[in-house]
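Step one of this worksheet: look at the structure below.
All chains are named by letter (A, B, ...) in the order of the sequence lines, taking the proteins before the strands, and each is independently numbered beginning at 1. Note that these values count all heavy atoms, side chains included, but never hydrogens, waters or copies made by symmetry. Since the structure is predicted, the reported quantities are computational estimates derived from the model, not experimental observations.
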Amino acid sequence: MSDLLANLNREQLQAVTLPPRHALILAGAGSGKTRVLTTRIAWLVQTAQVEPQGVLAVTFTNKAAKEMLARLSAMLPLSFARSARTLWVGTFHGLCNRLLRIHHRDAGLPQLFQILDSGDQLAAIKRLLKTLNVDDDKFPPRELQHFINGQKEAGSRPHAVEAWDDYTRRRVALYQEYEAQCQREGVVDFAELLLRTYELLERNEPIRQHYQRRFRHILVDEFQDTNKLQYRWLKLLADNGNEGGARLFCVGDDDQSIYGFRGAEIGNMRDFEREYRVDNVIRLEQNYRSHGNILDAANAIIRNNTGRLGKNLWTERGAGEPIRVYEAFADSDEARWVVEEIQALVRDGMSRSGIALLYRSNAQSRVLEHQLFSAGIAYRVYGGLRFFERQEIKHALAYLRLIANSDDDTAFSRVVNFPARGIGARSMETLQEAARTWNGSLYASVPHLGGKAGTALGGFVRLIEALRNETRALTLPELVDHVLDASGLRNHYRSEKEGQERLENLDELINAAANFVSEAGAEAGQSAESHTLLADFLAHASLEAGDHQADAGSDAVQLMTVHSSKGLEFDAVFLSGLEEGLFPHENSVLEASGLEEERRLMYVAITRARQRLYLSFAQSRMLHGQVRYNPRSRFLEEIPEAYTRWLTPPRPKGGGMASTGYGGYPRSSPPQAAAKRAGSAAPVPPRRDVGGLRVGQLVAHAKFGQGVIMAAEGNGSDARVQVNFGRAGVKWLLLAVAKLEPA
DNA sequence: ATTCTTTAGTTTTTT
DNA sequence: ACTAAAGAAT
């Protein structure tokens, strides 16, 4: 035990050995947060303050859960080797799934209920709108999906939603229909997993009391990312003074809350502190990752936010190198410079995998990739399609889902005619009609059909029945293998030109099934019927869509959005595209809360760097097929000069002036050359002079005040310019109408 | 049923 | 500019 607590700093030690009370740990970036969490669990177990099964640890990603489990089994001595498995460590959704499988009856769900991922959910909603003959122009499926998930995350069932207008009333009615459809089909979406579990614990006193007695300690990672419902979920199990219950040990960083847009409630931290009378919030402020200049810059930026819980990172390491700032003419020049700099770093001995290229939005990766590719530098982009989201895998899973639960209409619709079986839109319409009249699933309604449609569909049903019977005695990997052949999927992709990779992925699915069995098999008696194991595997596929790409072995430069960089660290970090409109993003700057989240994002980006940080921006950038001229980001202005070194001569902030430049720097694609083609109309003058005005010029408008011309297009009476008026916003003005004076 | 054409959307993302 | 998905035509 002495080595368990060795090498912890004062605050870390204090947090780990806290008496059993509710606790809030404010853990700054790079302050050893995960270490504190896992050591706390190990310490509680080793000092016999809690049995392993009395611990519940909640994370947000499967990756974090896995890492925690791995570290724990390394920390606990052999006598506790088994305890890592009796510990409940997982994501909110994973734990809810576990609870709902155990208590499916009390939760009103079939034992083999299926989990819809967001794509499945969207498909289900589209199908619902179609059967109800609802105009999807008036009720866009995506918007409806957002509405439904929003309601569920607020804990509201349809009857509880306050609807003051017709539109909302309609949407609530659709929400209700959607719920009925899911219940009928025995499927559950992500938000439903949480809400269903919440309601189960809230309404079923014996079950709630059971878990309140069982869990003595609940530890929550990334607490700043919890949403309203997740916090309420925790409160149900927490010790509230009279019913018993768990002590909450919440670890988070309000300055790294960057998921507000998907419902994360930064206010949960304040609420928790107040509601549970946490009197000694522990701050982990010593940073073990970055040099001083980097931390000071991060501190300086985040100081501009209001309502923080307050925290200042420091390090025992020296100030280190200054932060390098670079101004480029165009996005392509910026990318070229980044690549040259990377080549220099690699020449000096830095590993490629220690270098990260961060950007605010995915669209920015393109230019960077292009330059990296031409330079022949190995790179890896995070955030593409994940394994279980691939088309061919989704198709295979749909067959498996139908074996486990034939009422799953989403799965049915997906593969009823894939590979093609001559079941077209007409047959499906008749079937849908039948399903409505007989009030059953699509699958169950097939026998009611006659005619040609009935014959083809009957064949499909017999196929599924056969699959179900033939696979009963098989192991899970064998089952998957058999389904791939008997469904015709393999044959289909064999005859497809680009099918080779898909075939490999399908084989990989068999491997995934084998891995799942060996991992699950080691756990408690999962030796049940093969189709129960199948349902577990399907849940696993939905909840853990699979790592992006497992190319981690190769030494490649890492490209990712700032969001996906959270939690990671690199020797050198390039943060490109630091321009107004891009970072902070234009959709965020109108509201103070939006701008503050952007600032936290900037804080996250900066604190990823260990030794060296590069910040860059470009005067002109191609976005959505248009060249844009954005001033440099306000966040650059928030970093004191003492921490930076400009690699290009610093100039006063303003609109990017396309016509001025400095000598000595490559200028292969000046902004003018990228001028937009004007379709069939007369060509736009390349100098972009319109009515005597040019891009970058400061102009005055009677109503909007002063502004900078960002872009111009059109000729003669059509000529118009885009002006950034700052407070008054960005506007397109027709020169024939608006009176603009040079200012 | 396949193939071409048109259209909408393009901040961030996990489960 | 570019993509994915829906719609129209063959």
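Distance CD (A:E143) to P (B:dA8): 17 Å, rounded to an integer number of Å. The nearest whole Å value for the distance from the NE2 atom in A:H146 to the P atom in B:dG9 is 15 Å. Rounded to whole angstrom, the span from the CZ atom of A:F60 across to the P atom of B:dT15 amounts to 11 Å. Atom CG of A:N97 is separated from atom P of B:dT15 by 14 Å (rounded to the nearest Å). Nucleotide B:dA1 holds its C1' atom 11 Å from the CZ atom of A:R426, rounded to whole Å. Rounded to whole Å, the distance from CZ on A:F92 to C1' on B:dT13 is 17 Å. Between the CD atom of A:E222 and the P atom of B:dT13 there is a distance of 15 Å, rounded to whole Å. One can place CE of A:M560 at 11 Å from P of B:dT13, the figure rounded to the nearest angstrom.
In this structure, the salt bridge (charged side-chain N to carboxylate O under 4.0 Å, His left out) partners of A:E586, at least two apart in sequence or on a different chain, are A:R628. A:Y379 meets the ring pair (Phe, Tyr, Trp, His ring centres under 6.0 Å) test with no other residue; sequence neighbours excluded. Contacts of A:D137 classified as side chain to side chain contact (heavy atoms under 4.5 Å, CB included), with partners at least two apart in sequence or in another chain: A:D135. Evaluation of the ring pair (Phe, Tyr, Trp, His ring centres under 6.0 Å) rule for A:Y359 yields no partner, not counting sequence neighbours. Shown here are the ring pair (Phe, Tyr, Trp, His ring centres under 6.0 Å) partners of A:F147, two or more places apart in sequence or in another chain: there are none. Taking A:E501 as the reference, nothing meets the salt bridge (charged side-chain N to carboxylate O under 4.0 Å, His left out) condition, with sequence neighbours excluded.
The ring of A:H93 has its center no closer than 6.0 angstrom to the ring center of A:F60.
Ion pairing of A:D136 with A:K126 is absent here, as no side-chain N (NZ or NE/NH1/NH2) approaches a carboxylate O to less than 4.0 Å.
A:S118 contributes a side-chain N or O that forms a donor-acceptor pair with the base of B:dT15 under 3.5 Å.
Pairs of residues two or more places apart, or lying in two chains, that qualify as salt bridge (Lys or Arg N to Asp or Glu O under 4.0 Å) and include a residue from residues 600-609 of chain A are A:E597-A:R600.
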Table of protein N/O atoms under 3.5 Å from nucleotides 10-12 of chain B N/O atoms:
from	atom 1	to	atom 2	distance (Å)
B:dT11	O4'	A:H585	NE2	3.2
B:dT11	O2	A:R360	NH1	2.7
B:dT11	O2	A:R360	NH2	2.5
B:dT12	OP1	A:N362	N	2.8
B:dT12	OP1	A:N362	ND2	2.9
B:dT12	O4'	A:R360	NH2	3.1
B:dT12	O2	A:R360	NH2	2.6

Are there any protein N/O atoms within less than 3.5 Å of an N/O atom in nucleotides 5-10 of chain C, and if so, which ones and at what distance?
from	atom 1	to	atom 2	distance (Å)
C:dA6	OP1	A:K126	NZ	2.7

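Residue A:D225 is out of contact with every strand shown, counting any heavy-atom pair closer than 4.0 Å.
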